[in-house]
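Only one structure is covered here, and it is reproduced in the block below.
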Amino acid sequence: DKKAQVAYTVTIPATVELGNAASTKADITAKDVTLPANQTLKVTINGINGINGIDSTNDINGINGTNGSNGVFTATLDDTSETVSYTIKNGDTELTPGDTVLTAASGETGKTTALTFVKPDNAPYAGSYTGTVTFTVSVVDETTH
């Protein structure tokens with residue numbers, strides 16, 4: 001009883017330039033997906049140790065989200081301690097940590113999800129904002145759900 005082959009390529013941009021635009025897009029793509037029939041490739045927005053979902057460098061309170069932000073992703077203005085909460089959207093759907101951003105079954109290849117990083121209207125300062133979002137890529141067995 002030979003194990004079915006599992007192979008895939010998931011492309012997630014290493015850097016998204018947030019800049020001064022109201023929103024910035026980033027594509028997550030799955031290609032060359034080869035899986036057993038009952039399995040699905042899944043890409044989810046991950047949390048750092050489960051705390052509010054997102055790791056942000058230089059967060060002034062140490063744990064993201066304790067500064068009253070309700071966005072899914074806190075970015076810090078470079079060379080300062082000023083932070084703003086971006087939201088991440090998949091189409092019109094606002095994402096929260098743990099949300100699935102892309103699924104692909106075997107043979108579904110070249111699937112792309114365009115995520116939008118939306119800057120808050122009240123971002124006080126222009127300039128470059130930096131933060132980190134992590135994603136989990138997994139293969140899940142659909143027969144157990």
Side-chain angles (χ1 to χ4, degrees), residues 6-145:
V6 173
Y8 54 84
T9 302
V10 174
T11 306
I12 297 169
T15 304
V16 177
E17 291 296 332
L18 296 174
N20 291 320
S23 65
T24 303
K25 289 210 183 301
D27 289 340
I28 294 182
T29 304
K31 65 178 187 178
D32 304 327
V33 179
T34 305
L35 297 171
N38 62 337
Q39 294 192 329
T40 302
L41 177 69
K42 191 171 165 182
V43 181
T44 53
I45 286 190
N46 191 19
I48 175 145
N49 304 329
I51 302 171
N52 200 49
I54 305 298
D55 169 25
S56 171
T57 53
N58 308 330
D59 188 58
I60 47 176
N61 294 300
I63 298 174
N64 205 352
T66 56
N67 55 2
S69 66
N70 55 2
V72 74
F73 164 49
T74 300
T76 305
L77 183 61
D78 288 358
D79 302 320
T80 74
S81 60
E82 300 296 336
T83 62
V84 294
S85 289
Y86 281 73
T87 48
I88 303 175
K89 290 186 172 181
N90 179 356
D92 290 331
T93 306
E94 197 170 301
L95 299 173
T96 57
D99 283 353
T100 300
V101 295
L102 178 74
T103 59
S106 191
E108 285 189 297
T109 193
K111 280 189 85 173
T112 299
T113 297
L115 298 183
T116 307
F117 293 75
V118 183
K119 193 174 189 175
D121 294 335
N122 61 348
Y125 304 103
S128 295
Y129 285 87
T130 306
T132 303
V133 177
T134 57
F135 295 89
T136 299
V137 179
S138 57
V139 175
V140 293
D141 190 338
E142 291 301 330
T143 56
T144 58
H145 294 255

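Only a predicted model underlies this, so the values are computations on that prediction, with no experimental measurement involved.
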> Roughly how far apart are L95 CG and I45 CD1, rounded to 0.5 Å?
Replying inline: 4.5 Å

>> According to side chain to side chain donor-acceptor pair (under 3.5 Å), who are the partners of T113, at least two apart in sequence or on a separate chain?
In response: none

> So which pairs with a foot in residues 98-128 pass ring-ring contact (aromatic ring centres under 6.0 Å, His included), sequence neighbours left out?
Replying inline: F73-F117

>> Using the side chain to side chain donor-acceptor pair (under 3.5 Å) criterion, which residues pair with T44? Sequence neighbours excluded.
In response: none

>> Pair I12, I28 - check side-chain contact (heavy atoms from CB on, under 4.5 Å), show working.
In response: CA-CA 5 Å; I12 297 169; I28 294 182; 4.0 Å; yes

>> Testing the basics here: between E82 and Y129, what is the closest heavy-atom pair and its distance to 0.1 Å?
In response: O-CE2, 4.3 Å

> Which atom names give the shortest non-hydrogen contact between V101 and N90, and what distance separates them?
Replying inline: O-ND2, 3.7 Å

> Quick one: OG1 on T80 to CG on D78, what's the gap to the nearest 0.5 Å?
Replying inline: 7.5 Å

>> Please enumerate all residues that pass side chain to side chain donor-acceptor pair (under 3.5 Å) together with T109, with sequence neighbours excluded.
In response: none

>> Run the side-chain contact (heavy atoms from CB on, under 4.5 Å) test against S138 and tell me which residues pass, sequence neighbours left out.
In response: K42, V140

> How about T112 and T29: does a side-chain donor come under 3.5 Å of a side-chain acceptor?
Replying inline: yes

> Taking only residues two or more places apart in sequence, or in another chain, which ones meet T15 in a side-chain contact (heavy atoms from CB on, under 4.5 Å)?
Replying inline: E17

>> Can you pull out every salt bridge (Lys or Arg N to Asp or Glu O under 4.0 Å) where at least one residue sits in residues 125-137? Sequence neighbours excluded, please.
In response: none

>> Under the rule for side-chain contact (heavy atoms from CB on, under 4.5 Å), what residues qualify as partners of E108, not counting sequence neighbours?
In response: A104, A105, K111

> What pairs of residues pass the salt bridge (Lys or Arg N to Asp or Glu O under 4.0 Å) test when at least one of them lies in residues 27-40, not counting sequence neighbours?
Replying inline: none

>> Once side chain to side chain donor-acceptor pair (under 3.5 Å) is applied, do any residues pair with S106, and if so which ones, sequence neighbours excluded?
In response: none

> Stepwise, does the side-chain contact (heavy atoms from CB on, under 4.5 Å) test hold for V137 with Y8?
Replying inline: CA-CA 10 Å; V137 179; Y8 54 84; 3.7 Å; yes

>> Going by the rule side-chain contact (heavy atoms from CB on, under 4.5 Å), which residues pair with A14 if we only count those two or more places apart in sequence or in a different chain?
In response: none

> Tell me the side chain to side chain donor-acceptor pair (under 3.5 Å) pairs involving residues 96-105, sequence neighbours left out?
Replying inline: T96-D99

> If you look at every heavy atom in K25 and A114, which pair is closest and at what distance?
Replying inline: CD-CB, 4.5 Å

> Taking all atoms of both residues into account, what is the closest heavy-atom pair of L41 and A30, and its distance?
Replying inline: CD2-CB, 3.9 Å

> Roughly how far, to the nearest 0.5 Å, is OG1 of T40 from CG of L35?
Replying inline: 7.5 Å

> Of the non-hydrogen atoms in A75 and L18, which two are nearest, and what is the gap between them?
Replying inline: CB-CD1, 4.0 Å

>> Within the 4.5 Å heavy-atom criterion, are L115 and F135 side-chain neighbours or not?
In response: yes

> So, for S23 and T116, which heavy atoms are closest and what is the spacing to 0.1 Å?
Replying inline: CB-CG2, 3.5 Å

